[in-house]
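Report on one structure; see the data block that follows.
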2 protein chains.
Amino acid sequence: MILAGEIRPGEPVYEVHYAKLLGMSRTPVREALQSLARDGYLEELPDRGCVVPTRSADDIREFFEMRQILESAAARLAAQRATDEEIARLKSLCDAYVGEGDLSRWQEIGAQFHAVIVAAARNRRLVQELASLRTQIDLSRRSVIHAGDPWREAAVDDHRAICEAIAARDEEAAYAAAERHVIHSYETTIRAWQPASLSLRKSS
Amino acid sequence: MILAGEIRPGEPVYEVHYAKLLGMSRTPVREALQSLARDGYLEELPDRGCVVPTRSADDIREFFEMRQILESAAARLAAQRATDEEIARLKSLCDAYVGEGDLSRWQEIGAQFHAVIVAAARNRRLVQELASLRTQIDLSRRSVIHAGDPWREAAVDDHRAICEAIAARDEEAAYAAAERHVIHSYETTIRAWQPASLSLRKSS
DNA sequence: TGTGTGCAGTATGTATACACAGAGTACACG
DNA sequence: CGTGTACTCTGTGTATACATACTGCACACA
């Protein structure tokens, strides 16, 4: 419901309310809320329950900084460890972009592209952390009014560069390409949000 | 109790048992267990409760890989953002090593050293993630018999190198030095555990 | 002898009742 | 008219009772 935007940032989340709404008792609702709070979808106030957190510009910066760190590391490890099948799959996903006009299908391809890379890094904790981060970022994006499609700009070129670097087993190139990709994503996001913004570290 | 080694890996953790032991009802115990499970200190089995997880060599590799990724990123950001006060504090901590013979005091200095760097990176999520990782690694170390002090070898030199790179505002040097430091830590840990081991990515 | 079914026993999942803490408000007093 | 205090109301923190699922064993049957 938070992800679907049915509960808006700043809004309090009462246990009894959602227990009634969902037809269950407070206990499982309570546990779910704690779980959500641990993952950052809710903020717990002592003795005063939960609220959906509102993200500051600094929060967004930190999220993208983490994403930059982890995605670039994933790309580097993928360049080292990806199987030939995984590389072939990355290439075919890159090619799938060109003829695609539908936005949701487009995002689906992008998600699969990233999933293959992270999986190729062979690190479960990294997979988990990036998934969490990705959801957080999507959530932050949603809590903000932005017009049009925020991606799509240089993303295809970025993806192709990452793909080629991994295929060439060039760890540093894959690292740098992934870094650039996250920077682009950050810039489009923050531009759609507010003019003044902090910048991430540029790739050298 | 898990950290203190009072509950050993593989051992089941029953709600009622610890409720009685701690003089509370099942509810808060249950919530605590879920909290611990979310942080990786316990493994939850469906309808069968919790056990303290046993770590495989692959788990250790993944932990250190993550630590390498995050610590090096933290060092790079610290080189960019640390205040002069923080740099001075790093230097004094480095100097504090030399005259120190006591192991626990020595570890305390090391922990402070890392804390200053991570704080200087100005990213709360990074702080949190590294703290969690660090505890996990300590826990994994403890679940294993190892003789003597596993650190101390090249750690002082490593710390000094990191400190100098940050003081010089050299981001890439700080990054590489932190990477090397984690590799050393991994190697001593895995050597104390079992001879055959996977290796982390070497710093280029 | 092997396999499948049924029956406890135990521990978790859920519901509910009660206790407590915090916020807001009304009222009394200076 | 301002300030402090007590009261109430709301919602969370905790305890306990009941329901359910899984495991192991025993027993019957092929």
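Here is how names work: the chains are called A, B, and so on, in the same order as the sequence lines, proteins then strands, and each is numbered from 1. Excluded from the calculations below are hydrogen atoms, water molecules and symmetry mates; all remaining heavy atoms, backbone and side chain alike, are included. If you're wondering where the values come from, they're calculated on a predicted model, not measured in any experiment.
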Shortest side-chain distance from [X], nucleotide among [options]:
| X | options | answer |
| --- | --- | --- |
| B:E15 | C:dT12, D:dG13, D:dA15 | C:dT12 |
| B:P28 | C:dA15, D:dT14, D:dT16 | D:dT14 |
| A:M24 | D:dT12, C:dA15, D:dA17 | C:dA15 |

| Distance, nearest 0.5 Å, that separates CD of B:Q112 from CG of B:L93 | 5.5 Å
| message | Rounded at 0.5 Å granularity, tell me how far CD1 in B:I162 sits from CD in B:E71. | response |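 Here the interatomic distance stands at 7.5 Å.
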Between [atom2] on [N] and [atom1] on [X], what's the gap in Å once rounded to a whole number?
| X | N | atom1 | atom2 | result |
| --- | --- | --- | --- | --- |
| B:E43 | C:dT12 | CD | C1' | 17 Å |
| B:E44 | C:dG13 | CD | P | 7 Å |
| A:K20 | C:dT14 | NZ | C1' | 18 Å |
| A:Y14 | C:dA23 | OH | P | 12 Å |
| B:R26 | C:dT16 | CZ | C1' | 14 Å |
| A:L45 | D:dG13 | CG | P | 10 Å |

| message | Applying a 4.0 Å non-hydrogen cut-off, can you work out what B:V13 is touching in the nucleic acid: base, sugar-phosphate, or nothing? | response |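 Result for B:V13 = sugar-phosphate.
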| field | Verdict with reasoning, A:E86 to A:R81, per side chain to side chain contact (heavy atoms under 4.5 Å, CB included) | value | CA-CA 10 Å; A:E86 285 168 330; A:R81 297 174 180 169; over 6 Å; no
| query | Is the A:H114 ring parallel, tilted or perpendicular to the A:H181 ring (thresholds 30°, 60°)? | reply | parallel
| message | Does a side-chain N or O of A:R30 approach OP1 or OP2 of D:dG13 to a distance below 4.0 Å, or not? | response | yes
| 5'-most by nearest nucleotide on DNA chain D - A:L33 or A:T27 |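 Result: A:L33.
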| Polar side-chain contact B:R48-C:dG13 base: donor and acceptor under 3.5 Å |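 No, no donor-acceptor pair under 3.5 Å.
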